[in-house]
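See below for the structure under consideration.
In what follows, chains carry the letters A, B, and so on, assigned in the order in which the sequence lines appear, proteins first and then strands, with residues in each chain numbered from 1.
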Amino acid sequence: MSTETKESLNFIEQIVEDDIEKNMHDGRVLTRFPPEPNGYLHIGHAKAICVDFGIAQKYGGACNLRFDDTNPVTEDTEYVEAIKKDIKWLGFDWNGEAQYASNYFPQLYAFAVKLIEKGLAYVDDSSAEQIAELKGTPTKPGSDSPFRSRSVAENLELFEKMKNGDFPDGARVLRAKIDMTAPNMLMRDPVIYRIKHATHHRTGDDWCIYPMYDFAHGQSDSIEGITHSLCSLEFIHHRPLYNWCIEQLEIFPSQQYEFARMNVSYMITSKRRLLKLVTEGVVTSWDDPRMPTISGMRRRGYPPMALRTFCDKVGVAKRENLIDISLLEFCVKDELNKTAPRVMTVIDPVKVVITNYPEGQTEELTLINNPEDETQGSRTLPFSKEIYIERNDFREDPPSPKKFYRLGPERNVRLKGAYIIRGETFIKDENGLITEIHCTYFPDSKSGEDTSGVKAKGVLHWVSVPHAVDVEVREYDRLFTDPTPDAHEGKDSLDFINHESLNIISNAKAEPSLLQANIGDRFQFMRLGYYCVDTDSSPEKIIFNRTVAMRDKWAKKK
RNA sequence: UGACCCAUGGUGUAAUUGGUAACACACCGGUUUUUGGUACCGACAUUCAAGGUUCGAGUCCUUGUGGGUCAACCA
């Protein structure tokens, strides 16, 4: 008797399972991730990667990485390398070598010739404007180009001349001959080849004509034997053309399926607008920790696994969506809670003197590194007469004393992993700012061997003054003040920039174990949040990025 | 005066394919806690509308309504 509950499938998984059941392509599953190497990958790509590679993985198939590099003027190998790095970092492996649409240029050219020979493509001498003119509008049918009825021989000759570089850019195009009155604009004799005397990042100057997306993508899928070509909803209108090309060329029948792209609140994914953030100096670079790029999130400290579980939780469907960024942050915190070692760092330090603690004495205390993971062991930490605590962990006169679990005059608190101390007096400067707090400690209240019987109001993190390490901490907030900054008509996303998205703290005090930290290492700063060592760090100065702050009910109540 | 896609709590995704709305996040309340973290418990929707088919509809049909996409020699 099977009691297993049937796992619910998204609509793509259902299609794939149906196909496997029908033994389509002998049950083979081959997907592909087809980025254009003209920009950096962002959170939206992460979703596509998880779907493309994830489906393949789930059904024992494989996923090709294919660069859709059919427009030499915008593409570059720099992006190729960055994209590969991001995919690997997310934890996916593509099938064999990376593929390139440009590898198929000879084959694609032959496909075009075949179409001409079948009387299904023609060379059009019209200008871009004229072509647009005759194309009609979504509500008005288009009409035939005067060049539509050229003979096969003439088309063949002209197309070859196009290839040979006999014409300047824009002089002529090759168009598929379909139906100028089709309700789907893409079927109104789409341009499939254009002249561009440009150097391609891979094929150099071998070609001066380049196929359009619609004449390259589907055929590339077909050449590679892709079984399920998954893309976002905006390509749904391309599907009839995708199928038309495959049918007319009589090649392997790859199938395209569309799913909704993922939108995340307070993030933008338009390459153009992302670029603007960099060029306008809103952020420092493509991998600025505030950027929704994969490289930005990596630098911010988001674990790749968190991104994957996030995409997983978001699911796959066909409706427009706006995912609450708090789900992403939840996934990040959930992952980090299990994996990040705990350390203590005081961000806004105020000095505490323990008046009854022996002068000059240092104790080595042992602290657990991660209560969620025993295998992470423990470390020792120096304790002494003078320590730093967080400024807001002391209140001279707490507003609601019963609810305040921190230090104050005549209040007892436990120093994490150390002793219980009691607030006594404090010193203020001329501005009323507290500069020093005097406490006494209970010698028999040592953590783990507490026989004092003293009740502590709460637990504070701390750092020993003589052993403290100065570090810089960079706190980030969302880049925009509006959840959908690019969805307001007549307004630019830059109108919603959060000018307080970066807060630099240059004099935080960290426990000495952090001296051993390496770039990229992630930690939980107890009671504060999760942080990682930034790439800007040097041996002289460790710089931490705040990946995400801890959930804080107390801050919320206030 | 078009074609195509979509419609389930604040958000996102489910619902054994026609059998009486589930899970996660967020929010609110509580328990535990040497992190105001974690963990745990509780509260939170009769599925866009109106008809129809049916013993029975979130699932099927019809008509509306609302949202999205399409007029680059970009992908």
So that I know where these two stand, are [X] and [Y] an aromatic pair - ring centroids less than 6.0 Å apart?
| X | Y | result |
| --- | --- | --- |
| Y419(A) | F383(A) | yes |
| F235(A) | Y242(A) | no |
| Y530(A) | F523(A) | no |

ask   = Of G315(A) and N38(A), whose closest RNA chain B nucleotide lies nearer the 5' terminus?
value = G315(A)
A260(A) or I236(A), whichever maps to the more 5' nucleotide of RNA chain B = I236(A)
note = The reported gap from CG in L328(A) to CE in M297(A) (rounded to nearest 0.5 angstrom) is 6.5 Å
note = Rounding to 0.5 Å, atoms CG (L41(A)) and OG1 (T293(A)) come to a distance of 9.5 Å
query = For M550(A), does the CE atom sit with more than 12 other heavy atoms under 6.0 Å from it, leaving out its own atoms?
reply = yes
query = Taking atom P of C6(B) as reference, at what distance in whole Å does atom CG of N321(A) sit?
reply = 14 Å
inquiry  = Quick check on A75(B): is either OP1 or OP2 less than 4.0 Å from any side-chain nitrogen or oxygen of T70(A)?
reply    = yes
ask   = At under 4.0 Å, does any side-chain N or O of R194(A) touch on OP1 or OP2 of A75(B)?
value = yes
Distance-only donor-acceptor test (3.5 Å): side chain H237(A), base A71(B) = no
[atom1] gap between [N] and [M], integer Å:
| N | M | atom1 | answer |
| --- | --- | --- | --- |
| A22(B) | C6(B) | P | 26 Å |
| U54(B) | U16(B) | P | 23 Å |
| C61(B) | G18(B) | C1' | 14 Å |

task = Side chain of M212(A) only, please: which of A72(B), A14(B), C25(B) is the nearest?
result = A72(B)
ask   = Side chain of L322(A): nearest nucleotide among A75(B), G2(B), G12(B)?
value = G12(B)
request  = Mind listing the residues from residues 168-177 of chain A sitting with a heavy atom below 4.0 Å of RNA chain B? Number order is fine.
outcome  = G170(A), V173(A)
request  = Starting from Watson-Crick (N1-N3 plus N6-O4 or O6-N4) and G-U wobble pairs under 3.5 Å, report the runs of at least three that RNA chain B belongs to.
outcome  = B:2-7 with B:65-70, B:10-13 with B:22-25, B:28-31 with B:39-42, B:48-52 with B:60-64
Where protein sits on nucleotides 30-45 of chain B, one letter per nucleotide: B base, S sugar-phosphate only, - none, heavy atoms under 4.0 Å = ----BBBBS-------
Identified side-chain contact (heavy atoms from CB on, under 4.5 Å) counterpart of L241(A) within the set I192(A), I246(A), I178(A) = I178(A)
request  = For T74(A), report the nucleic acid contact type (base, sugar-phosphate, nothing); a contact means any heavy atom under 4.0 Å.
outcome  = nothing
message = My understanding is that only one of R32(A), Q256(A), H238(A) makes a side-chain hydrogen bond (donor to acceptor under 3.5 Å, both in side chains) with H217(A); could you say which?
response = R32(A)
key: Option among D189(A), N155(A), D124(A) that satisfies the side-chain hydrogen bond (donor to acceptor under 3.5 Å, both in side chains) test with R175(A)   = D124(A)
